[in-house]
Number of protein chains: 2
Amino acid sequence: MPGPELLSSVQNAIRVMRQFSLDEPELGITELNERLGISKSSIYRVLQTLCAEHIIQQNPETKKYHLGLTAFEIGCVVYNDIQVCQVALPLLQKMHLKLPVVIQLVVYDRGTVIHLLKLPEKRETRTFNRMGKRVPANATAAGKVLLAYQSEKEIERLCSIGFKSFTPNTLTKPEVLLSELAAIKENGYAFSKEEFKVGMCALAVPVFDEITNQIVAAISVTGPKKILSPAQIQIYLREMKMYSRLISEQLDLE
Amino acid sequence: MPGPELLSSVQNAIRVMRQFSLDEPELGITELNERLGISKSSIYRVLQTLCAEHIIQQNPETKKYHLGLTAFEIGCVVYNDIQVCQVALPLLQKMHLKLPVVIQLVVYDRGTVIHLLKLPEKRETRTFNRMGKRVPANATAAGKVLLAYQSEKEIERLCSIGFKSFTPNTLTKPEVLLSELAAIKENGYAFSKEEFKVGMCALAVPVFDEITNQIVAAISVTGPKKILSPAQIQIYLREMKMYSRLISEQLDLE
DNA sequence: AAGGGTTTTTCGTATAGCGAAAAACGAAAA
DNA sequence: TTTTCGTTTTTCGCTATACGAAAAACCCTT
């Protein structure tokens, strides 16, 4: 395997783009140089090129750089491509009317999950933020559901890499995780009790594609410990499973 | 001004990324080669590089390429950066409860406007799609509002380039457009009667930053001709102006 | 006015990235 | 099956390109 040679300047450009995050939306050349170890001149040229296309924009005040509207535009194309978002949003909004808790839709991506949608605990609250956030699959209910239905090979691959821990409850031992995944497939849902954030619990169910039988996403409900009492859990699960089925039904209709 | 030299392979990569759209989410090497006039080998190498980072993914069935989750992830960072989205969404949702029509939030970008949010005519409908869509500023109500408050220089620049027409009603003549923009600043709102799509009308008001007094976005209400009767327009405007003010007030609080 | 921190620019060199063309692949037709 | 056509990959030299180091310009802060 020669591995087709990749374009190093494009790789640099991508590495630069990925440095920007919610926590650090603005970065200067020196910071990027330190973080990436790419020479300042290269960083500068990469930024110039990305700026010319408005993938990145420069703040004239601070001289620092941040992601621009073209990046947003491209990201939206992906979002609109992802069929399950389009189908799920109106349905989950309906569910949200009945159960005004934090409802999320997430997909699997190489050992992590990415948030596609997030409905807040109450209407009116600051809402769809954290869309696009990536979290590890082993530490969340939705992640575990998605993991449970991945191929053995993929699961093994992740086990061989190892898992990060976030709270004392995070599942990191492969043997523990594997039996948990088996149980999840058995029950059709996953529960996470403070495995990612202390004090927070979550419940998740899979969403399948009816034709291929592949898992395409997971729906999760998140909240503080007390919200998810055993009695409540049953109520939530009922709704979640129903909406999961509704989404599945609509998935291949178009 | 020598114009700092830009990285051609990065430029190629960007041009490739931008080819993907809602209408053509999947493209092959040959198609990209035809559209961009870049040699197939270069296209191939660019795609390989982007694939390695999951900016683009290859459909193993068709061998064609489409934008990937990393592109979504990056786009979301931008979205979450844009303060006005975060502030406006819950407020516009409230407005939407009172007025269940199509409500949009858009920003200006070099002669065009980009949709940040779109609330559908009714709850439950397929909703936030068309986020990220780019439309010309001269042909929509929101575009005209945003244009009205741009610098003279910018407006002149656009006039010198010229405007595209979409319907018989589209404003393309600079002198007509300029007097329209003056009227918009006078009235504090813009109206578009079938200037972009036949049968469709729209109403838009500006959203300002209270500190800088700069225009940061526009709120628009769109619908078929009959929805926007003169009497209705007054009702809509009242609400729109109120919510615009509410958004402004919250903008710099954080 | 001077200093430390930036961001830009310059410059020579090595190599990365280019295009043309050949090879491999794959689906559909014969 | 074999052939054909339209893809996508790979190969291969050459040249232009993108590289890093270091110098220059800039810009706040003191």
- So with a 6.0 Å cut-off around CD of B:Glu175, is the heavy-atom count from everything else above 12? yes
- Message: With a 4.0 Å limit, can you tell me whether A:Asn33 has a side-chain N or O closer than that to the phosphate oxygens OP1/OP2 of C:dT6?
- Response: no
- Item | Under-4.0 Å side-chain N/O to phosphate OP1/OP2 contact, B:Gln58 with D:dT9 | yes
- Task: Enumerate the residue pairs fulfilling salt bridge (charged side-chain N to carboxylate O under 4.0 Å, His left out) with a member in residues 26-38 of chain A, sequence neighbours excluded, ordered by first and then second residue.
- Result: A:Glu24-A:Arg35, A:Glu31-A:Lys64
- Item | Rounded interatomic separation in angstrom, taking CD from B:Gln48 and P from D:dT11 | 13 Å
- Mapping A:Ile29 and A:Ser9 onto DNA chain C by nearest heavy atom, which one lands closer to the 5' end? A:Ile29
- Reckon A:Ser8 has a side-chain N or O less than 4.0 Å from the OP1 or OP2 of C:dA16? no
- Item | Whole-Å distance separating the CD1 atom of B:Ile38 from the P atom of D:dT17 | 14 Å
- Message: Tell me the interatomic distance from A:Lys64, atom NZ, to C:dT8, atom C1', rounded to whole angstroms.
- Response: 17 Å
- Let me know, please, whether B:Gly37 or A:Leu27 comes out on the 5' side of the other along DNA chain C by nearest nucleotide. A:Leu27
- Query: Looking just at side-chain N and O atoms, do A:Arg134 and A:His115 make a donor-acceptor pair shorter than 3.5 Å?
  - Reply: no
- Take the protein atom CG of B:Leu32 and the nucleotide atom P of D:dT8, then report the distance between them rounded to whole Å. 9 Å
- Thinking salt bridges, do B:Arg157 and B:Glu154 make one under a 4.0 Å N-O criterion? yes
- How close or far is atom C1' of D:dA18 from atom CG of A:Leu47, stated in whole angstroms? 15 Å
- Protein-nucleotide distance (A:Glu34, atom CD; C:dT6, atom C1'), rounded to Å: 12 Å
- Message: Please check this pair: side chain of B:Ser244 against backbone of B:Pro206, looking for a donor-acceptor N/O pair closer than 3.5 Å.
- Response: yes
- Task: Just report the end-to-end axis angle for the helix from C:dA1-D:dT30 to C:dA30-D:dT1, five pairs per end, to 10 degrees.
- Result: 40°
- Specify the separation, in whole Å, of atom CG of B:Asn59 and atom C1' of C:dG26. 15 Å
- Residue pairs passing the salt bridge (charged side-chain N to carboxylate O under 4.0 Å, His left out) test where at least one lies in residues 38-61 of chain A, sequence neighbours excluded: A:Glu53-B:Arg18
Strictly under 3.5 Å: I want the nitrogen or oxygen pairs between protein and nucleotides 21-29 of chain D, one per line.
unit_1	atom_1	unit_2	atom_2	d
D:dA21	N6	A:Ser41	OG	2.9

- Task: May I ask you to verify if any side-chain N or O of A:Thr30 is less than 4.0 angstrom from the OP1 or OP2 atom of C:dG5?
- Result: no
- Could you give me the CA-CA distance, side-chain angles and deciding distance for B:Ser9 and A:Ser9, then say whether side chain to side chain donor-acceptor pair (under 3.5 Å) is met? CA-CA 7 Å; B:Ser9 51; A:Ser9 51; 2.5 Å; yes
- Is the side chain of B:Glu180 donor-acceptor paired with the backbone N or O of B:Leu171 at a distance under 3.5 Å, no angle test? no
- Query: Out of C:dT9, D:dA18, D:dG20, which has the shortest distance to the side chain of A:Ser42?
  - Reply: D:dG20
- Query: Partners of B:Pro136 by side chain to side chain contact (heavy atoms under 4.5 Å, CB included), sequence neighbours excluded?
  - Reply: B:Asn138, B:Ala139, B:Phe166, B:Phe196
- Item | For atom CG of B:Asn12 and atom P of D:dT17, their distance in whole Å | 11 Å
- Message: My understanding is that only residues two or more places apart in sequence, or in another chain, count here; which of them pass ring pair (Phe, Tyr, Trp, His ring centres under 6.0 Å) with B:Tyr149?
- Response: B:Phe208
